[in-house]
Protein chains: 2
Amino acid sequence: MVGASPNIRDVARRAGVSTATVSRTLAQPDKVREDTRQKVMEAVEALGFVPNDRARVLRRQTSKTVILLVRDISNPFYLDIYKGVEEAAFAAGYKVLMGDARDDDERISHYIDAVRERHADGLILMIGRLPARFLEDPARLPPVVVASEAIQEMDLPTVKVDNVAAAQGAVEYLIASGHHRIIHLAGPVDDYLGTARLEGYRAALEAAGIAYDPGLVLSGDFSLVAGRDLIDGLLVRGAEFSAIFAASDQMAIGAITALRQHGLQVPKDVSVIGFDDTLIASMVDPALTTVHQPRRDIGFAAMQMMIARLNGTMTPPDQIFPTELVVRGSTRARPVDTPSP
Amino acid sequence: MVGASPNIRDVARRAGVSTATVSRTLAQPDKVREDTRQKVMEAVEALGFVPNDRARVLRRQTSKTVILLVRDISNPFYLDIYKGVEEAAFAAGYKVLMGDARDDDERISHYIDAVRERHADGLILMIGRLPARFLEDPARLPPVVVASEAIQEMDLPTVKVDNVAAAQGAVEYLIASGHHRIIHLAGPVDDYLGTARLEGYRAALEAAGIAYDPGLVLSGDFSLVAGRDLIDGLLVRGAEFSAIFAASDQMAIGAITALRQHGLQVPKDVSVIGFDDTLIASMVDPALTTVHQPRRDIGFAAMQMMIARLNGTMTPPDQIFPTELVVRGSTRARPVDTPSP
DNA sequence: CTGAAAGCGCTAACAC
DNA sequence: GTGTTAGCGCTTTCAG
């Protein structure tokens, strides 16, 4: 329908100048005489010229773009991270694209290759593992920064919170409230995030002299559905417990749904703690007690680290952000004076 | 640290062939003799060569990439749309990138320009408006398909549901259950989605002989926070109503939060209907009555339409998908026999 | 089946 | 201040 879009030569011809002048006018207007600039801009406007960024990138050898690869785009946890990344990126003239790994090796490879194919200059990873081919040969990795997660087999620049301490704090709070049989809805236990929070859970138990019962630990993928199904299964099997510590708000909310379906009330019958302090945590009923993470700050710092790497400044040191337990309505003390029936 | 990545010439040199042969080996292996191919592949492997896609695109004049631009990435509604788009894209060898418009003209322009700069071949819009410069001069738009929404001023290929009928059906259900004073939490009323659902609301009222009261219609941006704050404001002002029809699940859930904070119960005191049937609708308590949209199908169809456009096949006709009212626990009949106090 | 060479659209030296 | 020219890395005729 529409004719092929104009290129820099069309503009040059129309303005009666060379392509170099057009390029200069667009990039450094002050290096061009007033009337020349005028002519060029007129031609640009008339033709609706937009420089072909592919050609520009090919020439400049940098795309000023970064890809943010997340574990599961449907977890709202990543949204504020994204915003933090974007803020830092924008300030430095970078663009951000977001990709969904869905915990799938093929997809992960796909995005890593996208960077190697020069679609982007760097990759911010929010996933817990890497396909074997990259572990074997780290030279194949483009510039990478890990945010919130960690790749256990490799020493990559990382921005995160102290997940062990955060989890331990949450579980200690439950124990201090009189709970002893505490379920842990863990993340995938084969990667950092899952194991770190599980470790915190175990540490709190140990500190309180409570024996660790593997039967109380269930592993899921941080999603609503996982939380619901795991707790449902547990209740069907007749397990007994008075509290749940979930490794994400999503799993916590899913768990509450399952508890309700079995006629149990939160926090009257079961106390529940989540992780992340996403927006929905304060909107559900009862509002969720959860571990707050400074998501925006994490994203911002990760992007800054990325920029430092890209600029060749030596690898920046890892950064650890603080967390905070936000107590809301989904937890309460277990009445100690009530004798069991 | 790592040396610059190898290019096609490095591979050619190492394999002792021309760059053309390397290119051919990678693109059409069967057009190359067995032993040549072997030599080339060995060199590729040894060097860890990944073709620079920017250069390839520059030469081929097509990027096989599509950008999906959504209104607000934090609304889970878009996730299944994205999955549908991606499925259709993958089947046809396309990649999908997702951008967040945040209802902001500058961001919208940014993404449209990204396509015009050849980062992508086409744009799937899930936003309700376009910056003026594109309305004035449609030739400036790259290949576009609109999904779920509509740009009122322009006749663009569109995939959506019948929003008027869907909204009308939901409100008729409330009326049939005995509700008369029904709040409508509308979307932005200056674009298609907001006005279409409002129109359905009005039509249902009119059909039942209920006078339209503009004071019962509140406009928000489909978000959780908007739903909560609008209903909160209403209750503070002492408004009376027995039901709410929200233009999104997010607003409905936010509304329920506000109702609770004012001591009102759902559905005992107020019935609530949402729109979209997102995952969370079935997980909250009470589960949300809502209008189901076939999100995945919408996304899939939109991408197929995009591919048809890109292939030059004439502009495909618009597509309308059916919706369905899913009745759950957040609505109930208003007891008619109870005299008002 | 393979190689030489042109060129995608742009930028950056280097001249003038 | 502006033009000429080489070339970013790849694909694709066109010869051979």
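Just so we're on the same page: letters track the sequence lines, and every chain starts at 1. Just so you know, these numbers use all the heavy atoms, side chains as well, and skip hydrogens, waters and symmetry mates.
Nearer the 5' end of DNA chain C, as judged by each residue's closest nucleotide, is the contact made by B/R59, out of A/Q28 and B/R59. Across the interface with DNA chain D, nearest-nucleotide mapping of B/L26 and A/A55 shows A/A55 to be the residue nearer the 5′ end. With the nearest nucleotide of DNA chain C identified for both B/R118 and B/K31, B/K31 has the one nearer the 5' end.
A salt bridge links B/R102 to A/E86: one of the charged nitrogens lies within less than 4.0 Å of a carboxylate oxygen. The pair B/R296-B/E87 meets the salt-bridge criterion, with a side-chain N (NZ, NE, NH1 or NH2) lying under 4.0 Å from an Asp/Glu carboxylate O. A salt bridge links A/R37 with A/E34: the distance from a Lys NZ or Arg NE/NH1/NH2 to an Asp or Glu carboxylate oxygen falls below 4.0 Å.
Summarising the geometry, the separation between CZ on A/R24 and P on C/dA13 is reported as 12 Å, rounded to the nearest angstrom. The nearest whole Å value for the distance from the CG atom in A/N7 to the P atom in C/dC10 is 5 Å. Residue A/H119 contributes atom NE2, which lies 13 Å from atom C1' of D/dG9 at whole-angstrom precision. In this entry the distance linking CZ of A/R33 with C1' of D/dG3 reads 13 Å, nearest Å. When the P atom of C/dC8 is taken as reference, atom CG of B/N52 falls 18 Å away, rounded to whole Å. Atom CZ in A/R60 sits about 18 Å away from atom C1' in D/dA6, given to the nearest Å. Rounded to whole angstrom, the span from the CD atom of B/Q61 across to the P atom of C/dG7 amounts to 14 Å. Distance, B/I8 CD1 to C/dG7 P: 19 Å, rounded to whole Å.
When distances run from any side-chain atom of A/R9 to the nucleotides D/dG3, C/dG9, D/dG9, the shortest one goes to C/dG9.
Put simply, B/T36 has no side-chain N or O that comes within less than 4.0 Å of OP1 or OP2 on C/dC1. Proximity of A/S18 to the phosphate of D/dT4: no side-chain N or O atom is located under 4.0 Å from OP1 or OP2. Between B/T19 and the phosphate of D/dC10, there is no side-chain N or O to OP1/OP2 separation shorter than 4.0 Å.
The residue A/V22 sits apart from the nucleic acid: no heavy atom pair falls under 4.0 Å. Across all strands shown, B/V57 has no heavy atoms under 4.0 Å from either base or sugar-phosphate atoms.
Looking at A/S5 and B/R118, their side chains do bring a donor and an acceptor atom within 3.5 Å of each other.
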Checklist line | Pair A/L123-A/I112, side chain to side chain contact (heavy atoms under 4.5 Å, CB included): steps then yes or no | finding: CA-CA 7 Å; A/L123 189 60; A/I112 295 177; 3.7 Å; yes
